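Step one of this worksheet: look at the structure below.
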Amino acid sequence: MNLSTTKRRNALLLILIVFISSASGLQAQTPTSHFTTVWQGENGQEHMNILVVSAVIEHQSLSVNDEIAVFSGSNCVGASKLSKDLNPSDNTSFVNILASKSDGASNGFVEGDSILFKIWDSSNKQEILVNSVSYRKDISSWLTTGKFSAGASSVAEIAANTESVQTLNFIKGNNLFSTYLVPSNPDVAVVMKSLTDAGYLVSVLNESGSSYSYSSKKRVWTNSIGSIEKTEGYLINVSTNCSLQVSGKMIDLPLTIPLKSGWNFISIPLNQSLDAMQTVQPLIDQGKLIKVQDEQGNSIEKLRKSGAWINNIKTFYPGKAYKIDVSSSTALTFQ
């Protein structure tokens, strides 16, 4: 059996189990304890079948007693509690949600409304709005618009990823910065949009000299940096004291930052301050550290006469970036 035949067979199985849950072992619509549908106590009418084949919170699949609900506006129009852990490779763990259409009394979904998914995380007692939905299109009859439609079937993969916000404060002139978040959209032009719109941004440079800057000749902003990288620090120049908000997910630790011979701009990928000397001690032990500088020029460096290391930086702060000069290629790991 070739791959395309196998995919089609699996797809046909998925569509069949929407309607034959008792025969296939698919998780039936189990009564919920957190979500309450607006048509509770009734059989409903003109149902739409929504099959959830994958559901994760921060990369962790949902488990027994977690709940998934679909909303039409503020109305919960379908919900189910997991009777077994959700496993994308196990067809019997898929969750079938039956959504009922309103008969005009706000007791169901409105035709054409956007389907909103919510998850009840039973272990943490937390209701979470799903912010990523992918609709499968293995079968042409599966609806992929993300809209409610009576009699239709949709097969969805959903994910809920919480986002954090970090505020970066800049003073007029040059600042070294980094972020402990992976931006929702890491494109430098997107991250810096609020500053460019306000007319505060002059330029952004990375350690290689690539820039995000305004071309007076072309009268456009040119981005030769690309995206904000979690291991990198950047030099930003602003025309006045200002702040920038970055939204995204926390960087996963441990994070190893590669260092090339010479000067590097490194990020501080944690949301807490660190002892600067302790952080770079592994580079000293390797005999590769030459100097560390912050944006004000304070340094960690070795005195020539005594051979002692002086530390005028003291603390590495989240939101800041630091310049590190090393004698040969190495790496620095943040735990």
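This is a predicted model, so every value here is computed, not measured. Residues take their numbers from the sequence shown, with the count starting at 1.
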Check this for me: [X], atom [atom1], are more than 12 non-hydrogen atoms of other residues, nucleotides or ligands nearer than 6.0 Å?
{"X": "Tyr200", "atom1": "OH", "answer": "no"}
{"X": "Asn43", "atom1": "CG", "answer": "no"}
{"X": "Lys193", "atom1": "NZ", "answer": "no"}
{"X": "Lys230", "atom1": "NZ", "answer": "no"}
{"X": "Lys137", "atom1": "NZ", "answer": "no"}

Using modelled atom types and a 3.5 Å cut-off, is there a donor and acceptor pairing between side-chain atoms of [X] and backbone atoms of [Y]?
{"X": "Asn175", "Y": "Gly173", "value": "yes"}
{"X": "Asn241", "Y": "Lys172", "value": "yes"}
{"X": "Ser328", "Y": "Ser261", "value": "no"}
{"X": "Glu111", "Y": "Ala150", "value": "yes"}
{"X": "Ser203", "Y": "Ser213", "value": "no"}
{"X": "Gln166", "Y": "Tyr180", "value": "yes"}

For a 4.5 angstrom cut-off between non-hydrogen side-chain atoms, does [X] reach [Y]?
{"X": "Asn65", "Y": "Lys81", "result": "yes"}
{"X": "Asn174", "Y": "Glu295", "result": "no"}
{"X": "Leu244", "Y": "Leu201", "result": "no"}
{"X": "Ser267", "Y": "Ile257", "result": "yes"}
{"X": "Asn49", "Y": "Leu98", "result": "yes"}

Worksheet item: Between Phe109 and Ile115, does a side chain to side chain contact (heavy atoms under 4.5 Å, CB included) hold up when you go through it step by step?
Response: CA-CA 9 Å; Phe109 65 78; Ile115 301 171; over 6 Å; no
Worksheet item: Any chain of hydrophobic side-chain contacts (each under 4.5 Å) joining Leu143 to Val133?
Response: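 They do share one cluster, since a chain of ILVMFWY contacts under 4.5 Å joins Leu143 to Val133.
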Item to complete: Report yes or no: do Val246 and Val190 belong to one cluster of Ile/Leu/Val/Met/Phe/Trp/Tyr joined by side chain heavy-atom distances under 4.5 Å?
Response: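 No, Val246 and Val190 fall in different hydrophobic clusters.
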Measuring from [X]:[atom1] to [Y]:[atom2], what's the distance to the nearest 0.5 Å?
{"X": "Ser149", "Y": "Lys101", "atom1": "OG", "atom2": "NZ", "result": "8.0 Å"}
{"X": "Thr330", "Y": "Asn264", "atom1": "OG1", "atom2": "CG", "result": "10.0 Å"}
{"X": "Ser329", "Y": "Lys260", "atom1": "OG", "atom2": "NZ", "result": "9.0 Å"}
{"X": "Tyr212", "Y": "Met192", "atom1": "OH", "atom2": "CE", "result": "9.0 Å"}
{"X": "Ile139", "Y": "Ser153", "atom1": "CD1", "atom2": "OG", "result": "11.0 Å"}

Practice prompt. Identify the residue among Tyr234, Phe316, Tyr317 that makes a ring-ring contact (aromatic ring centres under 6.0 Å, His included) with Tyr322.
Written response: Phe316
Practice prompt. Linking directly or through intermediates, with side-chain heavy atoms under 4.5 Å: list the remaining ILVMFWY members grouped with Val56, chain and number order.
Written response: none
Worksheet, complete the sentence: Going by chain and number, the hydrophobic cluster around Phe71 (ILVMFWY, side chain to side chain under 4.5 Å) further includes Phe35, Leu116, Trp120
Discussion item. Just to verify, what does Lys323 make a side-chain contact (heavy atoms from CB on, under 4.5 Å) with, not counting sequence neighbours?
Written reply: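 If we apply the side-chain contact (heavy atoms from CB on, under 4.5 Å) test to Lys323, skipping adjacent residues, the hits are Leu176, Trp263, Phe265, Gln293.
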Worksheet entry | Chi angles and distances behind the side chain to side chain contact (heavy atoms under 4.5 Å, CB included) call for Tyr135, Thr145 | CA-CA 8 Å; Tyr135 288 97; Thr145 62; over 6 Å; no
Could you check whether [Y] and [X], counting side-chain N and O atoms only, form a donor-acceptor pair closer than 3.5 Å?
{"X": "Ser164", "Y": "Lys249", "result": "no"}
{"X": "Ser33", "Y": "Glu67", "result": "yes"}
{"X": "Ser123", "Y": "Asp121", "result": "yes"}

Item to complete: Give the intermediate values and the outcome of side-chain hydrogen bond (donor to acceptor under 3.5 Å, both in side chains) for residues Asp66 and Ser122.
Response: CA-CA 5 Å; Asp66 289 340; Ser122 60; 2.9 Å; yes
Worksheet item: Could you walk me through whether Lys320 and Ser178 pass the side-chain hydrogen bond (donor to acceptor under 3.5 Å, both in side chains) check?
Response: CA-CA 5 Å; Lys320 296 297 182 180; Ser178 66; over 6 Å; no
